J.: 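Before we start, here is the structure in question, set down as structure tokens.
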Amino acid sequence: MSKSRDKELGMDRSITRRDFLNGVAVTVGTATSSMLPSLAFADTDIAPQDKPGYYPPILTGMRGSHPGSFEGAHKLRDGIFWKSAGKPNDTGESYDLVIVGGGISGLAAAHFWRKQKPDARILILDNHDDFGGHAKRNEFHPEGRPSGRMLLCNGGTWAIESPVPYSKVARGLMDELGIDPSALAAKCNVRGLYKGLTSGIFLNKETFGADFLVKGAPSGMFPGEIDNQAGNNLEGSPLAPEVRKDMIRLESTTEDFLPGLTSDEKKDRLTHISYKDFLLKIVKVNPKVIPIYQTRTHSLFGVGIDAVNALDCWALGFPGFKGLKLSPGPHPRMGYTPKGYANPPKDYEFHFPDGNATIARLLVRRLVPTSTPGSTAEDIVTAKVDYAQLDRQDSPVRIRLSSIVVGAKHLGDLATANEVQVAYLRSGKLYSVRGKSVVMACWNMMIPYLCPELPDKQKEALHYGAKVPLVYTNVQIKNWQAFEKLGIRSASCPGMYHSQLGLDVPIDIGDYKFPKTPEDPMVVRMERTPCMPGMSERDQHRVGRADLLSTSFETFERNIREQLNRVLGPGGFDSARDIEAITVNRWPHGYAYEYNYLFDPEWPAGQSPAEIARKPFGRIAIANSDAAAAAYTDTAMDQAYRAVQELLTA
Ligand SMILES: Cc1cc2nc3c(=O)[nH]c(=O)nc-3n(C[C@H](O)[C@H](O)[C@H](O)COP(=O)(O)OP(=O)(O)OC[C@H]3O[C@@H](n4cnc5c(N)ncnc54)[C@H](O)[C@@H]3O)c2cc1C
């Protein structure tokens with residue numbers, strides 16, 4: 001990329017781009033820095049979170065797995081950590097329960113424990129500079145907005161939703177937190193703001209021959225929305241006439257491509273064939289149709305249609321299945337049947353402006369009441385957490401951030417030990433605490449490194465899954481007039497760096513008011529899912545993870561600017577002028593790995609890796625959504641409850 005192109009894109013512009021490196025805030029750009037409290041500190045004896053003004057949700061730049069949060073873990077994985085680590089400093093602290101991981105599972109575990117043991121003393125350790133794990137809050141404060149007004153967005157976990165109804169335990173927890181998804185959806189969802197704007201597909205020059213925006217999306221992305229118009233909107237596109245014709249055939253076909261088979265036989269067949277192969281070998285589409293659909297499964301599964309089974313794509317409403325007349329019923333990963341065929345648990349869907357970070361914040365407020373003002377699921381949205389309250393000696397529950405756990409060892413013989421010693425690294429120093437019980441609410445693949453004495457079979461099972469790498473990029477823009485001019489609210493970009501971009505989903509809740517006119521500042525959400533089509537799903541995730549960890553913020557920024565210019569430029573957008581802040585939420589270890597019967601065996605009950613992996617070990621139990629091999633908030637809660645029960649009833 002030439003220097004002059006960089007200038008056109010605005011790479012030299014002074015936007016908010018603050019990286020939090022090894023506990024020290026590095027500020028690049030000055031646009032809003034005067035409004036933000038300083039996070040820099042010199043005194044290493046005081047923990048970063050106890051410093052005045054510490055407030056990580058406002059940080060932009062590289063977030064998610066941010067620099068400083070994972071390097072110790074990688075040294076542990078590479079077998080070099082203990083060579084130079086020395087002996088941990090004993091803090092002398094002793095707890096009833098130590099929890100490794102401050103995501104929704106770890107926070108829920110603390111809650112469930114305290115319900116049964118109200119006097120318990122609990123320590124939660126997390127490697128990130130903020131709590132919530134994947135449920136991360138991004139705050140933007142556009143200049144020129146009235147004081148106190150902010151734009152919120154999810155940095156990870158987006159919504160209360162699940163392919164299966166929430167369990168009694170998870171529903172019960174939501175009730176206790178005051179979250180009634182249906183009532184909140186009815187009261188808070190803003191309808192009609194994007195009226196007249198459709199979803200689109202941006203065909204890029206490198207993949208399709210010319211840059212072209214197809215307005216209105218074929219079925220699958222927003223099922224049922226514009227099926228019949230897809231054909232019209234392809235007029236003038238760079239797609240060859242025979243490709244267009246075949247795409248329209250695919251979108252509208254009512255042919256039964258598997259004649260002579262019962263619905264169950266068809267479903268079995270579709271479970272064991274990828275959607276790509278279904279299209280090529282059964283529907284027999286022109287191979288040039290494939291790139292248009294290739295990335296459509298990225299958001300949900302982190303891989304393209306080469307690695308997602310056709311039955312799940314039927315469940316998502318993808319085209320090609322109408323004539324098969326499949327009966328409603330379960331399917332591998334989507335759990336419920338598609339809209340129009342049955343009643344998926346839509347009554348339990350809702351998103352807060354910062355996604356499920358609100359659930360994490362509600363849990364934190366219950367665990368450490370002095371940290372956060374307010375009392376409802378609505379007032380929490382604009383409440384400011386006082387991070388200095390999270391780890392106070394006089395509090396029965398303490399949440400210690402930027403603390404990566406590197407070891408958990410029973411003190412004495414496994415059968416008779418009364419305590420587990422937990423070692424963690426913070427600000428370059430090694431510490432230890434003791435816990436009568438420990439819940440590992442961290443990622444499965446970390447646990448064998450933390451507890452090397454686990455049985456080999458369990459360690460192998462813990463290593464089985466490969467978490468899904470993905471990136472949620474949030475870009476604060478001056479206004480969204482370009483979207484309005486182009487007539488779109490989102491675009492799938494199958495050949496581009498981010499495969500999806502769109503305006504944030506509107507919601508007014510409590511004192512939080514979503515932007516209301518195209519002249520208002522807005523957050524554009526973009527998604528990138530690095531993978532390598534053609535490999536097994538787990539291998540694709542491994543390659544994607546390596547890609548993410550080796551990509552600099554500068555590369556992300558250049559690609560973001562280039563992509564927004566190309567997609568929105570014809571509507572008047574100018575990256576150099578209109579981008580005000582960028583947050584790249586990088587999740588090299590994102591969704592829990594869910595089994596994929598294109599590549600994984602169908603294990604008998606009790607024999608899947610997740611079931612073997614989550615067995616308790618002495619005074620240590622295992623939570624986290626990895627323990628269910630299901631990447632959902634309700635499973636994170638359910639697994640926390642199970643882990644707590646295992647320890648309390650042992
Ligand atoms: C981008 C993204 C979007 C998602 N969207 C949704 C959605 O819309 N709806 C939904 O239901 N689910 C969604 N999910 C799934 C999400 O993972 C779960 O909903 C849930 O938040 C998982 O919670 P958890 O506590 O099990 O794990 P996590 O949130 O991953 O929390 C585990 C925590 O443990 C920490 N940890 C790991 N190792 C250590 C260590 N050695 N020491 C200390 N701490 C450690 C981790 O860094 C992390 O902070 C999404 C996930 C991602 C990544």
Side-chain angles (χ1 to χ4, degrees), residues 63-66 69-70 72-74 76-77 81 98-110 123-136 154-164 166 170 181 298-300 302 348-352 355-357 359-360 363 399-408 422-426 438-451 467-474 505 525 527-529 585-594 622-640 643:
R63 300 295 294 152
S65 283
H66 55 79
S69 65
F70 57 86
H74 288 180
L76 204 60
R77 174 202 62 195
F81 181 82
V98 175
I99 297 173
V100 182
I104 284 180
S105 202
L107 297 169
L123 174 69
I124 302 170
L125 295 161
D126 195 278
N127 57 318
H128 289 109
D129 58 18
D130 203 352
F131 57 80
H134 292 150
K136 199 72 77 193
N154 59 305
T157 309
W158 184 64
I160 296 162
E161 42 123 31
S162 184
V164 293
Y166 269 45
H298 272 203
S299 296
L300 209 51
Y348 215 64
E349 263 194 31
F350 179 67
H351 97 281
F352 287 98
N356 289 1
I359 300 180
L363 279 163
I399 302 171
R400 196 161 292 167
L401 301 170
S402 305
S403 300
I404 186 152
V405 172
V406 289
V422 178
Y424 65 93
L425 187 69
R426 173 147 90 163
V438 171
V439 169
M440 291 284 172
C442 57
W443 303 330
N444 264 8
M445 81 283 169
M446 260 313 274
I447 297 172
Y449 301 111
L450 307 184
C451 311
K467 286 175 87 65
V468 179
L470 63 167
V471 180
Y472 278 13
T473 296
N474 292 326
V505 180
R525 300 170 64 218
E527 288 178 26
R528 170 169 168 74
T529 318
N585 295 283
R586 166 182 71 174
W587 299 109
H589 304 279
Y591 300 154
Y593 181 72
E594 300 178 349
I622 294 173
N624 193 276
S625 53
D626 283 353
Y632 292 95
T633 293
D634 55 330
T635 53
M637 294 170 175
D638 289 341
Q639 294 305 315

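For ligands, and for the atoms within them, numbers begin at 1 and follow the listed sequence. Along the sequence shown, residues carry numbers from 1. Not measured: the values here are computed from a predicted model.
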J.: Quick check on contacts: which atoms of ligand 1 are under 4.0 angstrom from a heavy atom of Ala631?
T.: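 Ligand 1 atoms under the 4.0 Å threshold to Ala631: 12 (N), 13 (C), 14 (N), 15 (C).
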
J.: Heavy atom to atom 42 (N) of ligand 1, shortest distance: which of Leu401, Asn154, Val405 holds it?
T.: Val405

J.: State the atoms of ligand 1, each with its element, that fall below the 4.0 Å cut-off from a heavy-atom position in Gly101.
T.: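 Answer, ordered by atom number: 33 (C), 34 (O), 35 (C), 44 (N).
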
J.: Any nitrogen or oxygen of Gly590 lying under 3.5 Å from a nitrogen or oxygen in ligand 1? Just yes or no.
T.: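 No; every N/O pair is 3.5 Å or more apart.
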
J.: Between Leu425, Asp130, Thr157, which one has a non-hydrogen atom sitting closest to atom 16 (C) of ligand 1?
T.: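 Going through Leu425, Asp130, Thr157 one by one, Thr157 has the nearest heavy atom to atom 16 (C) of ligand 1.
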
J.: Are any of the N/O atoms in Lys467 less than 3.5 Å from those in ligand 1?
T.: no

J.: Measure Val100 to ligand 1 on non-hydrogen atoms and call it side chain, backbone, both or neither using the 4.0 Å cut-off.
T.: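 Looking at Val100 and ligand 1, just side chain atoms fall under 4.0 Å.
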
J.: So, is Tyr472 polar-close to ligand 1, with some N/O to N/O distance under 3.5 Å?
T.: no

J.: Within less than 4.0 angstrom of ligand 1, does Ser403 place any heavy atom?
T.: yes

J.: In Å and rounded to the nearest 0.5 Å, what is the OH to OG1 distance from Tyr472 to Thr157?
T.: 7.5 Å

J.: Under the 3.5 angstrom rule, does the side chain of Arg426 hit a backbone N or O of Leu401 as a donor-acceptor pair?
T.: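 Answer holds: yes.
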
J.: Determine whether any heavy atom of Gly156 lies closer than 4.0 Å to an atom of ligand 1.
T.: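 A heavy atom of Gly156 does come that close to ligand 1.
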
J.: Out of Tyr591, Trp443, Tyr632, Trp587, who gets a non-hydrogen atom closest to atom 30 (O) of ligand 1?
T.: Trp443

J.: Checking the N or O distance criterion of under 3.5 Å, is ligand 1 in contact with Tyr166?
T.: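 For ligand 1, there is no N or O atom that lies under 3.5 Å from one belonging to Tyr166.
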
